[in-house]
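Scroll down for the structure; my scribbles are underneath it.
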There are 2 protein chains.
Amino acid sequence: MSDQDETAAGTDRTDTESPRCYCPLGGVMDLLSRKYAMQLVCVVGALGPVRYGEVADAFGDVSSSTLSTRLDELVAAGYLSREQYAEIPPRVEYELTDDGRELCERLEPLLEWAERRDQLP
Amino acid sequence: MSDQDETAAGTDRTDTESPRCYCPLGGVMDLLSRKYAMQLVCVVGALGPVRYGEVADAFGDVSSSTLSTRLDELVAAGYLSREQYAEIPPRVEYELTDDGRELCERLEPLLEWAERRDQLP
DNA sequence: CAGAATCCATTCGGATACTG
DNA sequence: CAGTATCCGAATGGATTCTG
């Protein structure tokens, strides 16, 4: 279904369609579109193995539930790892996975640029 | 949100300021977190001056209202330009502004990577 | 400390129908 | 063709409270 024939009949089509589409609609992009998701990846990337509280501090007044949900999603998606230590008081550390690092590399230029841009009048 | 009234009076600006914060919380990032926003920027960037219908085609079954809203927002934010020609039938072309091009450059690596990643089983 | 759970206001986006 | 207008259900994020 939804097999659109190419406008240019001469274009060589590889066996499968979707030659190069710049609009990935599901998957990662959906996750990244949730609030603070991109920032979260980069914050963890910047702070290294980081505890929940530090992340919360970095975000200021973001509710813990939201932050927690976002962290969970990123862990579940395989971009963050979560290490829990059986200590008292309990300590948890988040860190980028390899995939997360790849993602972070692509996110950083964007966020850095966004940051500069937002701080301009 | 994002009220920064620091360094106005009484705040020591010695060295307590965090040099760089990787979590821009408002402005551009908010806009980019809306659905299809990032993809839209890159689609317009990839297709050059592009008409509304072509954009709609590129996105498949995305409702026109959503697409229209997103386009408006990006135009209002200064990342897209909208050129309307007084013809019949009417023609409208969207194109990246200079700012939009800067944004697109930072978005492309991300989307390209996301695309590859989503196509894997 | 690090969150899970709950509840809720708000927002968001989709479908549909209509216009210049 | 290129939208706009309207309505509405779904999803989202925030506040609060509680816990191991």
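Residue numbers start from 1 in every chain, and the chains themselves are labelled A, B, ... in the order their sequence lines are given, proteins ahead of strands.
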- [ ] Run the ring-centre check on B:Y94 versus B:Y52 and record whether the distance is less than 6.0 Å.
- [x] no
Task: Opening and closing nucleotides of DNA chain D in contact with chain B, under 4.0 Å to non-hydrogen atoms - done: D:dC1 to D:dA5
Task: For atom OH of B:Y52 and atom P of C:dT19, their distance in whole Å - done: 18 Å
TODO: Could you check how far CG of A:L67 sits from P of C:dG3, rounded to whole Å?
DONE: 9 Å
Open item on the list: Using whole Å, what does the distance between atom C1' of nucleotide C:dG20 and atom CD of B:E87 come to?
Closed with: 15 Å
Open item on the list: Looking at C:dG13, I'd like to know if its phosphate oxygens (OP1 or OP2) sit under 4.0 Å from a side-chain N or O belonging to B:R34.
Closed with: no
Task: From CG (A:D30) to CG (A:L25), nearest 0.5 Å - done: 8.0 Å
TODO: Would you tell me whether B:S65 and B:S68 have side-chain atoms, one donor and one acceptor, within less than 3.5 Å of each other?
DONE: no
Open item on the list: Is the phosphate of C:dG3 approached by A:Y94 (side-chain N or O, under 4.0 Å from OP1 or OP2)?
Closed with: yes
TODO: Would you kindly give the CG-to-C1' distance between A:D30 and C:dG13, to the nearest whole Å?
DONE: 12 Å
Task: Between C:dC12 (C1') and B:L32 (CG): distance, integer Å - done: 16 Å
TODO: Drop me the distance from A:Y79's OH to A:L32's CG, to the nearest 0.5 angstrom.
DONE: 7.0 Å
Task: Distance, rounded to the nearest Å, where A:R51 contributes CZ and C:dG3 contributes C1' - done: 13 Å
Task: Pairwise 5' ranking along DNA chain D for A:V62 and A:P90, keeping only the more 5' one - done: A:V62
Open item on the list: For A:R106 and A:E108: C-alpha separation, side-chain torsions, deciding distance, then whether side-chain contact (heavy atoms from CB on, under 4.5 Å) applies.
Closed with: CA-CA 6 Å; A:R106 276 127 185 125; A:E108 263 172 1; over 6 Å; no
TODO: Kindly write out the residues that satisfy side chain to side chain contact (heavy atoms under 4.5 Å, CB included) with A:R51, not counting sequence neighbours, or none if the list is empty.
DONE: A:E54, A:R91, A:E93
Task: Worked verdict on A:R82 versus A:V92 for side-chain contact (heavy atoms from CB on, under 4.5 Å) - done: CA-CA 7 Å; A:R82 180 182 186 276; A:V92 176; 3.8 Å; yes
TODO: Evaluate side-chain contact (heavy atoms from CB on, under 4.5 Å) for A:T69 paired with A:E73, printing each intermediate quantity in order.
DONE: CA-CA 6 Å; A:T69 304; A:E73 290 168 355; 3.6 Å; yes
Taking N or O atoms only and anything under 3.5 Å, show me the protein contacts with nucleotides 4-10 of chain C, one pair per line.
{"unit_1": "C:dA4", "atom_1": "OP2", "unit_2": "A:D72", "atom_2": "OD2", "d": "3.1"}

- [ ] Return the value, rounded to whole Å, for the distance between atom CG of B:L31 and atom P of C:dG13.
- [x] 11 Å
Open item on the list: One pair to check against side-chain contact (heavy atoms from CB on, under 4.5 Å): B:V50 and B:E95. What are the steps and the verdict?
Closed with: CA-CA 7 Å; B:V50 63; B:E95 194 172 2; over 6 Å; no
Open item on the list: Output the rounded distance in Å from NZ (A:K35) to C1' (C:dG13).
Closed with: 16 Å
